[in-house]
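What follows is a set of notes on a single structure, which appears directly below.
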Protein chains: 2
Amino acid sequence: MNTPDPVIQAAWVTIVSKSRTLLEAVEAALKNAGLPPLAWYDALLEIEKAGPDGLRPFELKERLLLPQYGTSRLLDRMAKAELIERRDCDDDGRGQIVCISDKGQAVRQAMWPVYARVLSEKIEDKLSPEDAAQLVKLLSKL
Amino acid sequence: MNTPDPVIQAAWVTIVSKSRTLLEAVEAALKNAGLPPLAWYDALLEIEKAGPDGLRPFELKERLLLPQYGTSRLLDRMAKAELIERRDCDDDGRGQIVCISDKGQAVRQAMWPVYARVLSEKIEDKLSPEDAAQLVKLLSKL
DNA sequence: CTCATTTAGATGCACCTGCATCTAAATTGC
DNA sequence: GCAATTTAGATGCAGGTGCATCTAAATGAG
């Protein structure tokens, strides 16, 4: 098998290991603050952005690139924590509509400073805006 | 909370999403070929590099940055699959020595072409060596 | 030597994920 | 309109992960 060039392997290793440590830092900070995991933030943000009419689970699944069963269970957990509301969909008897609750908004807002602080410390303090732009440009080629 | 600059947020999102899709591609290719997950490759490689004298689980844990319990269970699974051998450590009655088996070497070697092909298609084909070097340089600042 | 502390590794429990499959409603083809 | 197919969403099961804790051996202080 033709082995990828060492610099390509280095790129791979670096991408994977940095993203892992960054993710762990965010998850740890959230847990430490008694807040839900990062996946909930992304979901709450999408649901909040959908506005008062909410959105369908399959739309959430597409936007977050989650598997269908993962979405179903994530919504279960968030509903149990009363961060979202699920109601039957009028247009489609199979479906439902998901909306964020007041508590859900509050929790998302509480998560942001914790989340942002990690991004600030681990990324903003280490990269100039030019570096960051360059990084996005390079990663976007993948 | 002072929100990180948008380009910093873009960098974060890009790092996380690209590493996720790359990892999923590697895992899917391995699974598709009937091979073990990526974590096993890393572990087998470290154990193989340790040579005939093997290494201690705590050393593996440090090299792979895994939690202690994760290492213990990963070794359980690999031992059950007969890819490694665990023997008691003479020097330390609490410890053990882990070595790769012939089958373990064969499996690791079978994994590499599958793994390498994904790296080749998803990274090498998309980035010049200069791009890759630049990417490593930027990510290394984090 | 003896007791307290540290270190290596295993494990019970709760929770999360992937896979396959199921139910029910919507859509399509005839 | 009706049977076949597709789509939305839920779920049983097997396995993986984090957390806390446990056992046993090594180390260290007196």
Side-chain angles (χ1 to χ4, degrees), chain A residues 20-21 23-43 47 50 54-81 83-99, chain B residues 20-21 23-43 47 50 54-81 83-99:
Chain A
R20 194 160 82 98
T21 55
L23 278 168
E24 284 171 359
V26 172
E27 296 290 9
L30 289 170
K31 180 168 294 194
N32 202 262
L35 291 167
L38 183 55
W40 291 35
Y41 184 86
D42 294 331
I47 299 167
L55 81 177
R56 300 282 297 272
F58 76 89
E59 297 176 295
L60 186 65
K61 172 198 81 175
E62 287 160 5
R63 294 178 199 185
L64 299 180
L65 301 177
L66 293 177
Q68 180 272 320
Y69 55 81
T71 307
S72 178
R73 281 167 171 152
L74 177 58
L75 290 172
D76 281 348
R77 281 174 250 136
M78 293 197 298
K80 192 180 302 178
L83 304 190
I84 60 164
E85 279 154 29
R86 284 167 140 165
R87 27 172 192 281
D88 288 347
C89 179
D90 295 334
D91 306 357
D92 188 337
R94 297 165 302 182
Q96 58 193 247
I97 298 277
V98 176
C99 297
Chain B
R20 194 161 81 99
T21 55
L23 277 167
E24 283 171 0
V26 172
E27 296 291 8
L30 289 169
K31 179 169 295 196
N32 202 261
L35 291 166
L38 184 53
W40 291 36
Y41 183 87
D42 294 331
I47 299 167
L55 82 176
R56 301 282 298 271
F58 76 90
E59 297 176 296
L60 186 64
K61 172 199 80 177
E62 286 160 6
R63 294 179 198 183
L64 299 180
L65 302 176
L66 292 178
Q68 181 272 322
Y69 55 80
T71 307
S72 177
R73 282 166 170 152
L74 178 58
L75 290 172
D76 280 349
R77 283 174 249 135
M78 292 197 298
K80 192 179 302 177
L83 304 190
I84 60 164
E85 279 155 29
R86 284 168 141 164
R87 26 173 193 284
D88 288 347
C89 178
D90 295 335
D91 306 358
D92 188 336
R94 299 165 300 181
Q96 59 193 247
I97 298 278
V98 176
C99 298

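Just so we're on the same page: letters track the sequence lines, and every chain starts at 1.
- Using a 4.5 Å heavy-atom cutoff, the side chains of Met78(B) and Val98(B) are not in contact.
- Minimum heavy-atom separation, Leu64(B) to Ala43(B): CD1-CA, 3.7 Å.
- Going from atom CZ of Arg87(A) over to atom P of dA8(D) covers 20 Å, rounded to whole Å.
- We find that CD of Glu59(A) is positioned 14 Å from C1' of dT7(D), with the value rounded to whole Å.
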Just the table, please: protein N/O against nucleotides 20-25 of chain C N/O, every pair under 3.5 Å.
from, atom 1, to, atom 2, distance (Å)
dA25(C), O3', Gly93(A), N, 3.4

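- Remark: P of dA25(D) and CD of Gln96(B) are 14 Å apart, rounded to the nearest angstrom.
- Between Leu30(A) and Pro37(A), the shortest heavy-atom distance links the atoms CD1-C, 4.0 Å.
- Residues Arg86(B) and Lys31(B) both approach DNA chain C. Their nearest nucleotides, taken by heavy-atom distance, put Arg86(B) toward the 5′ side.
- In this structure, the side chains of Leu23(B) and Arg20(B) stay at 4.5 Å or more apart for every pair of heavy atoms.
- Between Gln96(A) and the options Arg56(A), Arg87(A), Arg86(A), a side-chain hydrogen bond (donor to acceptor under 3.5 Å, both in side chains) holds for only Arg86(A).
- Between the CD1 atom of Ile84(A) and the P atom of dG9(D) there is a distance of 12 Å, given to the nearest Å.
- Side chain of Glu27(A) to backbone of Leu38(A): a donor-acceptor contact under 3.5 angstrom is found.
- Between Asn32(A) atom CG and dC19(D) atom C1' there is a gap of 14 Å when expressed in whole angstrom units.
- dA8(D) atom C1' lies 16 Å from atom CG of Asp90(A), rounded to whole Å.
- Using a 4.0 Å cutoff on non-hydrogen atoms, the parts of residues 70-78 of chain A near DNA chain D are Ser72(A), Arg73(A), ordered by number.
- Per the geometry, CG belonging to Leu23(B) stands 15 Å off C1' belonging to dT17(C), to the nearest Å.
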Exercise for review: Using the side-chain contact (heavy atoms from CB on, under 4.5 Å) rule, take Leu75(B) and Leu60(B) through it: C-alpha gap first, then chi angles, then the decisive distance, then the call.
Suggested key: CA-CA 10 Å; Leu75(B) 290 172; Leu60(B) 186 64; 3.8 Å; yes

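- Taking CD of Glu62(A) as the reference point, atom CD of Gln68(A) lies at 11.5 Å (rounded to 0.5 Å).
- Atom CH2 of Trp40(B) is separated from atom CG of Leu35(B) by 11.0 Å, given to the nearest 0.5 angstrom.
- Annotation for Thr71(A) and Pro57(A): closest pair CG2-O, 3.7 Å, computed over non-hydrogen atoms.
- Across the helix from dC1(C)-dG30(D) to dC30(C)-dG1(D), the helix axis at one end is tilted relative to the axis at the other end by 20° (nearest 10 degrees, each axis from five pairs).
- Between Leu66(B) atom CG and dC19(D) atom C1' the separation is 16 Å, expressed in whole Å.
- Screening Asp42(A), Leu66(A), Ile84(A) against Leu74(A) for a side chain to side chain contact (heavy atoms under 4.5 Å, CB included) leaves a single residue, Leu66(A).
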